[in-house]
Amino acid sequence: MADFAKPDVPRFSVDVYQNEYLPEGGSQVDAIVTVTATGGGTLGGTVPAPGFPPERPSAAVAVMVDCSGSMDYPPAKMRGAREATAAAIDTLRDGTRFAVIGGTHVAQEVYPGGGRLAVADATTRAQAKQALRRLNAGGGTAIGTWLRLADRLLSAADVTIRHGILLTDGRNEHESPADLRATLDACAGRFTCDARGVGTDWDVKEVTGIASALLGTADIVADPAGLAADFTRMMETAMGKEVADVALRVWTPVGAALRFVKQVAPAVEDLTHRRTEAGPRAGDYPTGSWGDESRDYHLSVTVEPAGLGQEMLAARVSLVIPQRDGTVQNLGAQGLVRAVWTDDMAASTAMSPQVAHYTGQAELAQVIQQGIDLRKAGDFDGATAKLGRAVQLANASGNADTAKLLAKVVDVVDAATGTVRLKTRVTEADEMTLETRSTKTVRVKK
């Protein structure tokens, strides 16, 4: 197994948490797979990633700023966008390729222009911030055109990490949903993208859908004054990414079938439909770019029941980077999901604490979305029931951040039982914040 002299070589490890015992006739196996990347700028880790060069990988970033007419109402939005983009540019690491795109019903290169990327240094940062003064509000919104320009610029760079940051304050009114969907399908796997909505006139499902398709994060910045701090955090995170295009490869034996694969921490993201076939009984699930971080995934497998006392491998999980030439870079870490049949009722009925925790967190995200949709539709009894269940789940799992957001939408009578009353007055910002952040989870204490 290869190792390298420099301390910033990325290292990956895989840990599996499950109750492998099934009752007679049992066929469903659930496991939480924790993937941890360390060594990108820090020491640690257990499994070096074979084949990585010792030098720090390069990156390219495109910042897409909404310049539609609504960004002037109030003027603080456009001003906040300029300041936020300037803060993000200041956070760029020397040598990073970058561009700024102004987005309306068309996409325009604000800096550097000419279909190219600039290389970050003191001079280009100053030039870029000077160019931001030309950003003015006017025109419509066609987000797909922004993403396609970002893709063209980023794809021309010979770099490891390609990342976008997208800011919008409105709905995608000058482009059909089908056109945006086609753009997201075309860009998926080519670069990651964080999306932010400023103010309260944008569509939550639209912005979160962009981030989901491009394996980034989504959030609301209700007050434009908070944009600069948020952009700085996003860029710092992007600059910390070291490894791109990592896939979770899951192999199952004959007679076993995957029910689903979901990321469950730091946020819920269903990856099941993103499977790419990777040989006999194996499939790859994209996870995007990695820095120093840890994420949890929930795998659920259906197996053919075996006799009491028998044991089988239900799934094997490994980490790979598929190459464009069809080869695969194996990152050297794997985990095994097992199934063992027993007549010990205590063993077979015990639920893994990790599986139980994240099953609840996935349900929490689902019932919040259902509750908000019912509230918007005027079904207040249904909304009360769903949001009450959300309060109960947030309380049981210790998800304090989500509990606080829920308390702005409902009056909590009894958190343990989920007894709540809908608030008669809820600000649009509070409701949108709850909806946008509903998928964020808390880690299980292992």
**Asked** Looking at residues at least two apart in the chain, or sitting in another chain, which of them share a side chain to side chain donor-acceptor pair (under 3.5 Å) with Thr402?
**Response** Asn399
**Prompt:** Under the ring pair (Phe, Tyr, Trp, His ring centres under 6.0 Å) test, which residues partner Phe260, sequence neighbours left out?
**Reply:** His298
**Fill in**
Quick note, salt bridge (charged side-chain N to carboxylate O under 4.0 Å, His left out) partners involving residues 389-401, not counting sequence neighbours, are Glu363-Arg389
**Contacts of type ring pair (Phe, Tyr, Trp, His ring centres under 6.0 Å), residue Trp290, not counting sequence neighbours** = Phe12
**Message:** Test: ring-ring contact (aromatic ring centres under 6.0 Å, His included). Region: residues 165-192. Which pairs qualify, not counting sequence neighbours?
**Reply:** none
**Request:** Any ring-ring contact (aromatic ring centres under 6.0 Å, His included) involving residues 109-128? Give me the pairs, sequence neighbours left out, ordered by first then second residue.
**Result:** Phe98-Tyr111
**Where at least one partner belongs to residues 326-338, residue pairs that pass salt bridge (charged side-chain N to carboxylate O under 4.0 Å, His left out), sequence neighbours excluded** = Glu20-Arg338, Glu311-Arg338
**Asked** To the nearest 0.5 Å, how far apart are CZ in Arg134 and SG in Cys67?
**Response** 11.5 Å
**Complete:** Here the side-chain hydrogen bond (donor to acceptor under 3.5 Å, both in side chains) pairs for residues 96-105, sequence neighbours left out, are none
Solution key, residues 313-323 side-chain donor-acceptor pairs under 3.5 Å, sequence neighbours excluded:
| residue | atom | partner | partner atom | Å |
| --- | --- | --- | --- | --- |
| Gln323 | NE2 | Ile321 | O | 3.0 |

**Asked** Does any pair with a residue in residues 61-88 pass salt bridge (charged side-chain N to carboxylate O under 4.0 Å, His left out), and if so which ones, sequence neighbours excluded?
**Response** Lys77-Asp169
**Request:** Under the side chain to side chain contact (heavy atoms under 4.5 Å, CB included) rule, collect the residues that match up with Lys408, sequence neighbours excluded.
**Result:** Asp430
**Message:** For Gln18, give me all partners under side chain to side chain donor-acceptor pair (under 3.5 Å), at least two apart in sequence or on another chain.
**Reply:** none
